[in-house]
*Asks:* 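Quick one: the structure is below, questions incoming.
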Amino acid sequence: QVQLVESGGGLVQAGGSLRLSCVASGRTLTNAMAWFRQAPGKEREFVAGNRWSSTYYAESVKGRFTISRDNAKNTVYLQMNDLKPEDTAVYYCAAAAPLRAPNTADDYDYWGQGTQVTVSS
């Protein structure tokens, strides 16, 4: 069982930056990790993911967001630059079961409680 705790959300002006952190309770070296987000009235959407040395991004955040992880600290980060009002959402950290190669949100087994990111114009 893996527990995930996100932090780092907040209120920022458009063009600003935030870094989200997600600390896992157990070792997640072989777990694919990802960030999703859900805006009011919208479905949860994939933002960025990492599995082994590969990273993946939604088109809407490419070039602005960077996912990284520190396996020694069991932590995954999401550096968000040049934030836009449309990035406003609750951001969730997710982890898949060990060695699983997730394709959709349903393939992730563990979820954090979320952290609110609000970008003002």
Side-chain angles (χ1 to χ4, degrees):
Q1 189 75 10
V2 174
Q3 292 184 327
L4 305 172
V5 179
E6 304 100 332
S7 63
L11 174 64
V12 64
Q13 289 187 333
S17 299
L18 285 174
R19 188 176 81 156
L20 306 183
S21 299
C22 171
V23 180
S25 61
R27 292 184 61 82
T28 55
L29 179 64
T30 60
N31 301 64
M33 304 287 293
W35 289 94
F36 288 78
R37 67 186 181 186
Q38 187 167 19
K42 295 187 177 181
E43 294 187 353
R44 188 171 297 189
E45 65 174 357
F46 172 82
V47 175
N50 168 261
R51 183 171 182 265
W52 297 113
S53 60
S54 297
T55 56
Y56 311 91
Y57 296 95
E59 285 295 327
S60 60
V61 307
K62 277 184 179 178
R64 301 188 297 123
F65 291 11
T66 302
I67 187 172
S68 62
R69 61 195 295 174
D70 184 336
N71 289 322
K73 296 182 178 180
N74 295 324
T75 301
V76 63
Y77 303 97
L78 184 67
Q79 177 67 44
M80 305 185 295
N81 298 327
D82 190 24
L83 283 160
K84 303 176 180 181
E86 52 263 42
D87 294 318
T88 295
V90 177
Y91 284 71
Y92 297 90
C93 176
L99 303 179
R100 175 179 287 192
N103 291 309
T104 69
D106 290 340
D107 294 329
Y108 287 87
D109 301 274
Y110 310 104
W111 293 83
Q113 293 300 306
T115 184
Q116 176 71 46
V117 171
T118 303
V119 184
S120 62
S121 57

*Asks:* Quick check: does any side chain N or O of Arg51 sit under 3.5 Å from a backbone N or O of Leu99, one acting as donor and the other as acceptor?
*Replies:* yes
*Asks:* Restricting to ring pair (Phe, Tyr, Trp, His ring centres under 6.0 Å), what partner residues turn up for Phe46, sequence neighbours left out?
*Replies:*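 For Phe46, the residues satisfying ring pair (Phe, Tyr, Trp, His ring centres under 6.0 Å) (neighbours in sequence not counted) are Phe36.
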*Asks:* Do the side chains of Val90 and Val47 join up, straight or via other hydrophobic residues, at under 4.5 Å, putting them in one cluster?
*Replies:*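 Looking at the clustering, Val47 is in a separate group from Val90.
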*Asks:* Under the side chain to side chain contact (heavy atoms under 4.5 Å, CB included) criterion, do Tyr108 and Arg100 qualify, and how do the steps go?
*Replies:* CA-CA 9 Å; Tyr108 287 87; Arg100 175 179 287 192; over 6 Å; no
*Asks:* Between Asp82 (side chain) and Arg64 (backbone), is there a donor-acceptor pair under 3.5 Å?
*Replies:*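 Absent.
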*Asks:* Grab the two heavy atoms, one from Ala89 and one from Ala39, that are nearest each other, plus how far apart they are.
*Replies:* CB-N, 3.8 Å
*Asks:* Within the side chain of Asp70, is there an N or O that forms a donor-acceptor pair under 3.5 Å with the backbone of Ala72?
*Replies:*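 Checked: pair present.
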*Asks:* Should Thr30 and Trp52 be marked as a side chain to side chain contact (heavy atoms under 4.5 Å, CB included) after you check the CA-CA gap, both sets of side-chain angles, and the distance that decides it?
*Replies:* CA-CA 7 Å; Thr30 60; Trp52 297 113; 3.7 Å; yes
*Asks:* Work out which heavy atom in Ile67 is nearest to a heavy atom in Met33; give both atom names and the distance.
*Replies:*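 Closest approach of Ile67 to Met33, heavy atoms only: CD1-O, 4.1 Å.
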*Asks:* Provide the closest heavy-atom pair for Glu6 versus Tyr92 in the form atom of the first, atom of the second, distance.
*Replies:*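 For Glu6 versus Tyr92, the nearest heavy atoms are OE2-CA, 3.4 Å.
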*Asks:* How far apart are the closest heavy atoms of Val76 and Trp35, and which atoms are they?
*Replies:*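 Residues Val76 and Trp35, closest heavy atoms: O-CZ2, 3.7 Å.
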*Asks:* Do side-chain atoms of Thr88 reach the backbone of Val119 as a donor and acceptor pair under 3.5 angstrom?
*Replies:*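 Yes: the side chain of Thr88 pairs with the backbone of Val119.
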*Asks:* So which heavy atom on Ala95 is nearest to which on Leu4, and how close?
*Replies:* N-CD1, 3.7 Å
*Asks:* Is atom CD of Gln113 surrounded by more than 12 heavy atoms (other residues, nucleotides or ligands) closer than 6.0 Å?
*Replies:*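 No, CD of Gln113 has 12 or fewer neighbouring heavy atoms, counting only those of other groups under 6.0 Å.
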*Asks:* So which heavy atom on Ala96 is nearest to which on Pro102, and how close?
*Replies:* CB-CG, 4.1 Å
*Asks:* Listed by chain and number, what are the salt bridge (Lys or Arg N to Asp or Glu O under 4.0 Å) partners of Glu59, not counting sequence neighbours?
*Replies:* Lys62
*Asks:* Report the C-alpha separation of Met80 and Val117 in whole Å, then their side-chain angles, then the decisive distance to 0.1 Å, and conclude whether the side chain to side chain contact (heavy atoms under 4.5 Å, CB included) test is met.
*Replies:* CA-CA 10 Å; Met80 305 185 295; Val117 171; 3.9 Å; yes
*Asks:* Between the main-chain N or O of Thr66 and the side-chain N or O of Gln79, is there a donor-acceptor pair closer than 3.5 Å?
*Replies:*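 Checking the backbone N and O of Thr66 against the side chain of Gln79, no donor-acceptor pair under 3.5 Å is found.
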*Asks:* Please set out all donor-acceptor pairs under 3.5 angstrom arising from side-chain atoms of residues 11-26, sequence neighbours excluded.
*Replies:*
residue, atom, partner, partner atom, Å
Ser17, OG, Asn81, OD1, 3.0
Ser25, OG, Gln3, N, 2.8

*Asks:* With side chain to side chain contact (heavy atoms under 4.5 Å, CB included) as the test, would you mind laying out the steps for Arg37 and Val61 before giving the verdict?
*Replies:* CA-CA 12 Å; Arg37 67 186 181 186; Val61 307; 4.0 Å; yes
